[in-house]
Amino acid sequence: MKDVSFGQFYPVDSFVHRLDPRLKILFLIAYIVAIFLASNFYGLAACAAVLVLIVIFARIPFGKVLRAIRGVTFLVLFTAVLNVLFYSGETVYWEWGIFCISFEGIIFSLFLALRLVLLVVCSSMLTYTTTPVSLTDGVESLLTPLKWIRIPVHEIALIMSIALRFIPILMDETSRIKNAQMARGADFESRGLGKKIKATIPILVPLLLSAFRRADELGDAMDARCYTGGKHRTKYKKLRFTWRDAVAFLLGAALIAGVVVMKIYLPAPY
Amino acid sequence: MRIVAEHLFYTYNPRSPFETAALKDVSLTIEEGEFFGIIGHTGSGKSTFVQHLNGLLRLPSSLKKYRPKKPRKGDVSRPKTVLTVGEFDLADKKTDFRALRRNVGMVFQYPEYQLFAETVAEDVAFGLKNFSEEKLSPEQIAAAVKAALEVVGLDYEEMKDKSPFELSGGQKRRVAIAGVIVTRPEVLVLDEPAAGLDPLGKREVMELLHKLHREWCKTVVIVSHDMDEISENCTRAAVFADGRVRYVLPPRELFRHAAELGEMGLDVPLTAKLCAQLEEAGVHVDCDYTTEDFCRAVLAAWREKKEGAR
C-alpha cells in the first residue's frame, strides 16, 4: 500500500524529466499520430527506436517499463487473437466456419499488438517523468484557447490536480484504517465474494467519512485564503520552453517526417 | 508478557527510489507489568517499531513466501533478529498471528477515525466477534461490551444504541479504546493516545491508561513525542532517534541528557527546564521531574530558604 504508484511518477532527475510538460503532452500526441501513420514495419521500428531513446534519456529502469506493458498484456493478446482469427487474407493456412488464419492476418495482428505496446509505453513514459502537478499545469496551459468559449479551464485543472493530489493521501489513510481494523482482528484475506464485501465495510465507512472531512477542511482553507478562482491569478512556477524542449520538438518532427517519408518511398510489403 | 526485540531492521519500499530505512538495529526489552514510554521525533521509527509488536509489520522470516537467501559475496552479515512477545516468536512462520493480536491490543493515532458501525455497542463488539473462536451468545457480548465501556468511563445504557458519529471527540476516543481492550489484551500499545486533545482531555486519557494498567492490561506501552507525557506517566522510557534506540532509562535519569535530547529535536519536560533555571539562580531542587514531586521539592526548598533568612 505504501507504494504510491498512481501517476506512477518515478523521481529521478533527467533530460526527459526536465522537459516542459506541455511539450511532453504534445510529443505524446505526435507520437501516437506517428504510430498510426506508420504503415509498415520500418515505420514502427523507427517509432520503437525513438521510444527506446526516450526511456534511456529518462533514466527509467527497463523493469518499470515492462511493468507498464504487463498491465495491458491481456488486452494486447485478446485483440491479437481476435484479429488473427477474423482477418480474411489471401494466403490461408487454416479455415473453419467463419474463422480463418492467414499470413496477412498474422502480420496485421502483430502490427496492431506492436502499436498498442508502443502506445502504452509512451503514455506511461509521460506519467513516469511528469509529476501530477506539472501535468495538470501543462493541460491547463494547453487548454487555454477553450477559455475564449467560456469553458472554466482553470477550475477543471484545479479539480484534476486536487484529485491527483489526494490519491496518495487516501491510499495512506486506507492502509492506516486497514491496519487499525486488522489490529481488531478483521480478516481481509478470507475468500468468497460475500465475505470480501462484508470485510470492506469497516474500511470504507471511515474512509468515506475522512474523505468528506478532508474535502470540508480543504474548502475552508481555500476560503480562508480568499481563493476565488482563475481570474488574475499568477503562477508560482511558470512554464518555460528551453533548449531541451527545442531538441525534443525537433525529434518529434523528425519522427513524423521520417514515418511519412518511409510510407511513401519505402513500399515494403509488410 | 515480556517483549524482547534484538537487532530489528525495517525498510520501507526496499529497492526503489522511495526506499527509507525506518529501523536500524533496534534492541529493546520491555518487562511484564511496565508502563513503558517510547519517545522520538517524527520519523524516528517509533511507530514502525510498535507496529511490529502485533504483527502488522512482519519480519521477513515470518512471511509465507520467505526463502532464506544464500549469502553472497560482499553481503554485510547481520546479527540474528529476535522478536518475541511472551510465548510468541514473531520471526517464525508458524506463529498464530491472530492469537498474538488478541493478546497485544493496538490503539492507533486518532483511533476515533476507525469507528464505523451503526451503534457504539456494535463497534466495540467488532474485535470481540473477530477474535472469539466459537460464536458468542448475545448476552456474553453485551456483558463484555458493558465492562469495556464502563472501564473507559462511559455509561453503557446511555451509549450502546447511539451512533458513534454523534459523540463528542473525547467520547469517540474512549469508545475506540474500548473497542481495542474489549478482548482483554495482556499488552496494550497506544500510538500518541493524547494527540489532538486539550490539556484536560490529555490528563483524562492518561488517568484512564493508568486505570487500565491497574485493572485490565498488565503491560502498557505508549508512543509519544511529548516529553511531559512520558515523564509524568512512565516507569521507563526509550528514546528513538533516526531508527535507533539511544537510551532506555527511567524518565528521572533520561533528562540528565538534556543537550543530546535537544540535538534529536526533543524537548525536555517543563519541570526539568525549571530545575535548570533554578539551579542557575543558585537553588538546588532535587526531584524526579513529575509535576507533583517538583512542587514538593520547590516548596521544601522555599521553606528552607525562608527558615535560613530568619
Side-chain angles (χ1 to χ4, degrees), chain A residues 1-14 17 58-64 67 128-129 131 168-190 195 197-214 216-217, chain B residues 11-20 22 47-48 50-51 53-57 64 97-118 122-133 163-165 176 178-183 185 188-191:
Chain A
M1 261 317 183
K2 272 270 167 185
D3 166 34
V4 190
S5 66
F6 192 85
Q8 312 172 331
F9 182 65
Y10 190 82
V12 287
D13 186 27
S14 78
H17 282 76
R59 293 175 50 202
I60 304 280
F62 276 89
K64 268 275 190 195
R67 196 178 296 170
Y128 279 149
T129 61
T131 60
I169 292 180
L170 290 181
M171 298 261 283
D172 236 37
E173 189 91 5
T174 313
S175 72
R176 204 175 5 234
I177 295 169
K178 195 172 168 184
N179 269 341
Q181 308 298 24
M182 268 162 74
R184 292 208 281 164
D187 179 12
F188 297 110
E189 273 123 45
S190 64
K195 267 191 183 166
I197 293 173
K198 223 179 147 194
T200 56
I201 293 174
I203 294 184
L204 276 185
V205 173
L207 186 66
L208 269 177
L209 280 170
S210 104
F212 281 123
R213 198 180 59 242
R214 281 177 194 282
D216 270 347
E217 279 168 10
Chain B
T11 308
Y12 285 106
N13 304 307
R15 280 169 291 140
S16 86
F18 304 101
E19 178 176 298
T20 37
S47 294
T48 309
V50 294
Q51 283 186 45
L53 298 183
N54 74 346
L56 286 174
L57 293 177
K64 272 199 192 98
F97 279 87
R98 263 169 69 85
L100 171 75
R101 282 186 194 145
R102 188 172 52 215
N103 281 297
V104 182
M106 176 84 71
V107 179
F108 279 84
Q109 242 177 80
Y110 296 103
E112 55 271 29
Y113 294 151
Q114 50 169 295
L115 301 174
F116 70 96
E118 282 166 46
E122 256 178 71
D123 207 293
V124 174
F126 180 67
L128 194 67
K129 286 183 197 161
N130 284 332
F131 279 129
S132 61
E133 301 299 331
S163 159
F165 304 112
V180 173
I181 59 161
V182 69
T183 52
L188 182 63
V189 183
L190 303 104
D191 195 347

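Within every chain, numbering begins at 1; the chains are lettered A, B, ... in the order of the sequence lines, protein sequences first and strands thereafter. All values derive from a computational prediction rather than experimental measurement.
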task = Let me know if B:Arg101 has heavy atoms under 4.5 Å from chain A in its side chain, its backbone, both or neither.
result = both
query = Atom CG of A:Leu207 and atom CZ of B:Phe116: how far apart are they, to the nearest 0.5 Å?
reply = 14.0 Å
task = Tell me, out of A:Pro202, A:Ala183, A:Ala186, A:Ala180, who's got the most heavy-atom pairs with chain B below 4.5 Å.
result = A:Pro202
task = Give a yes or no answer on whether the side chain of A:Gln181 reaches the backbone of B:Gln114 with a donor-acceptor pair at less than 3.5 Å.
result = yes
query = Would a 4.5 Å heavy-atom cut-off, applied to side chains only, mark B:Asp123 and A:Arg184 as touching?
reply = yes
message = Using heavy-atom distances under 4.5 Å, tell me whether B:Gln51 contacts chain A through its side chain, its backbone, both, or neither.
response = side chain
query = Is A:Phe212 atom CZ crowded by more than 12 heavy atoms from other residues, nucleotides or ligands, each under 6.0 Å away?
reply = no
request  = Please flag which part of B:Phe97 lies under 4.5 Å from any non-hydrogen atom of chain A: side chain, backbone, both or neither.
outcome  = neither
request  = Kindly indicate whether the side chain of B:Tyr113, heavy atoms from C-beta on, has any atom under 4.5 Å from the side chain of A:Arg176.
outcome  = no
remark   = All heavy atoms of A:Met182 vs all of B:Leu56, minimum pair found to be CB-CD2, 3.7 Å
inquiry  = Please identify, among A:Asn179, A:Ile177, A:Leu209, A:Val205, the residue contributing the most non-hydrogen atom pairs under 4.5 Å to chain B.
reply    = A:Asn179
